[in-house]
Protein chains: 2
Amino acid sequence: MHTSIADILKQNQLSVTGSRTKILELFQQTGGALAHADIELKTGEQFDRVTIYRTLQTFVEKGIIHTIPTADNSVLYALCKDQCSEGHHHDNHIHFICDDCGTTYCLEQVAIPEVRLPNGFTKKQTDVVVSGLCNKCS
Amino acid sequence: MHTSIADILKQNQLSVTGSRTKILELFQQTGGALAHADIELKTGEQFDRVTIYRTLQTFVEKGIIHTIPTADNSVLYALCKDQCSEGHHHDNHIHFICDDCGTTYCLEQVAIPEVRLPNGFTKKQTDVVVSGLCNKCS
DNA sequence: AAACTATTGCAACTTTGTTGCAAATATTTT
DNA sequence: AAAATATTTGCAACAAAGTTGCAATAGTTT
Ligand SMILES: [Mn+2]
Ligand SMILES: [Mn+2]
Ligand SMILES: [Zn+2]
Ligand SMILES: [Zn+2]
């Protein structure tokens, strides 16, 4: 079973364009997370900065990719593997950032742990970012 | 027992200056987390932007304040309440961001939960950011 | 293939953060 | 309490990151 990139775009009511196809392709090839600058580089500057911003924004809105909070407050994006849809993300996994090689992993196998909040606090979303050494660097 | 702001600065081998005193004062008064822009506003623009950047950087290095990762990747700072020191932060608590009022809390009472990583991954630091409604807004 | 719709690239701009350096301030020494 | 020294500050200039309006272009529908 293999969903083509064009199909993914059509499923999300997006027209199939060069930039969208290329950027989605990049995410699939890379596996890991990408920053805006990575994409600019790896696409060989064939697209305008603004187009990349807008494409990423659209993908996030459609639930195709999700953002990852990082300790150094840079913006990272990765493919959603769960059942994310327009306006509703369900990415119940933690993120891991390797201090050595810099790669960011979506650890789908590792569920978000439960946290007990003080009285009066209501939990909506929990983000967990772990840093250390990845399996390739340790 | 009451440590004055000047004493905190001296304990960290920092000279006591207007901006450092004022900014540290602000953190103590506010309790919660502050962004660079908040500080610029609340000090009534009496200090240069660059001075605020440098002061925050110095405070982080000295272990007086710590940064807080956020889902929207803005940079937040809050006072360290634990035994943080030069180059070594020990802030073992989770952070909570209220979706309504925007306040960010250091929940010192709530410990960082343990996460089990896949084979080969080594954990160094775990950041947990919970969002929802705070005790004042729910 | 014409008509229509959505996306792209460009230009111009804003916001955020960084760096070098001289002037001002804080600390130490005399 | 001055003078000498060390540190910090503000300014200017710059770099990086992100946003917006709009006409040209590319994609989709009929
Ligand atoms: Mn992820
Ligand atoms: Mn905190
Ligand atoms: Zn690694
Ligand atoms: Zn609130």
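Letters A, B, ... mirror the listed sequences (proteins, then strands); counts begin at 1.
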* Output field: ring centroids B/Tyr105/A/Phe121 closer than 6.0 Å -> yes
* Send over the distance from A/Asn12 CG to D/dG27 C1', rounded to a whole Å. => 17 Å
* In whole Å, what is the span from the CD atom of B/Glu45 to the P atom of D/dG10? -> 13 Å
* What is the distance, rounded to the nearest whole Å, between atom CZ of B/Arg20 and atom C1' of D/dT8? -> 6 Å
* Asked: Is the backbone N or O of A/Ala35 less than 3.5 Å from a side-chain atom of A/Asp38, with the two atoms forming a donor-acceptor pair by type?
  -> yes
* Taking B/Gln46 for the side chain and B/Thr43 for the main chain, is one N or O donor matched with an acceptor at less than 3.5 Å? -> yes
* Are the aromatic ring centres of A/Tyr77 and A/His66 under 6.0 angstrom apart? -> no
* Let me know the distance between CG of A/Asp48 and C1' of D/dG21, rounded to the nearest Å. => 14 Å
* Measure the distance from CD on B/Glu40 to C1' on C/dT15 and round it to the nearest whole Å. => 10 Å
So which protein nitrogen or oxygen atoms get under 3.5 Å of nucleotides 17-19 of chain C's nitrogens or oxygens?
unit_1	atom_1	unit_2	atom_2	d
C/dG17	OP2	B/Tyr53	OH	2.8
C/dG17	O5'	B/Tyr53	OH	3.4
C/dG17	N7	B/Arg49	NH1	3.2
C/dG17	N7	B/Arg49	NH2	3.0
C/dG17	O6	B/Arg49	NH2	3.0

* Rounded to the nearest 0.5 Å, how far does CD1 of A/Ile23 lie from CD1 of A/Ile39? -> 5.5 Å
* A/Glu114/A/Lys123 ion pair, N-O < 4.0 Å -> yes
* Value in whole Å for how far the C1' atom of D/dG27 lies from CG of A/Leu9 -> 12 Å
* Value in whole Å for how far the C1' atom of C/dC10 lies from CD1 of A/Ile52 -> 15 Å
* To do: List the atom of B/Val16, the atom of B/Ala6, and the distance in Å for their closest heavy-atom pair.
  => CG2-O, 4.0 Å
* D/dT9 phosphate, OP1 or OP2, under 4.0 Å from B/Ser19 side-chain N/O -> yes
* To do: Send over the distance from B/Asp38 CG to C/dT15 P, rounded to a whole Å.
  => 15 Å
* To do: Look only at the side chain of A/Arg20 and the backbone of A/Thr55, and say whether a donor-acceptor pair between them is shorter than 3.5 Å.
  => no
For nucleotides 25-30 of chain C, print each protein N/O atom paired with a nucleotide N/O atom at under 3.5 Å, atom names and distance only.
unit_1	atom_1	unit_2	atom_2	d
C/dT27	OP1	B/Val16	N	2.8

* Which residue lies toward the 5' end of DNA chain D, A/Ala37 or B/Thr58, if each is placed at its nearest nucleotide? -> B/Thr58
* B/Arg49 to B/His36 - nearest heavy-atom pair and separation -> O-NE2, 3.4 Å
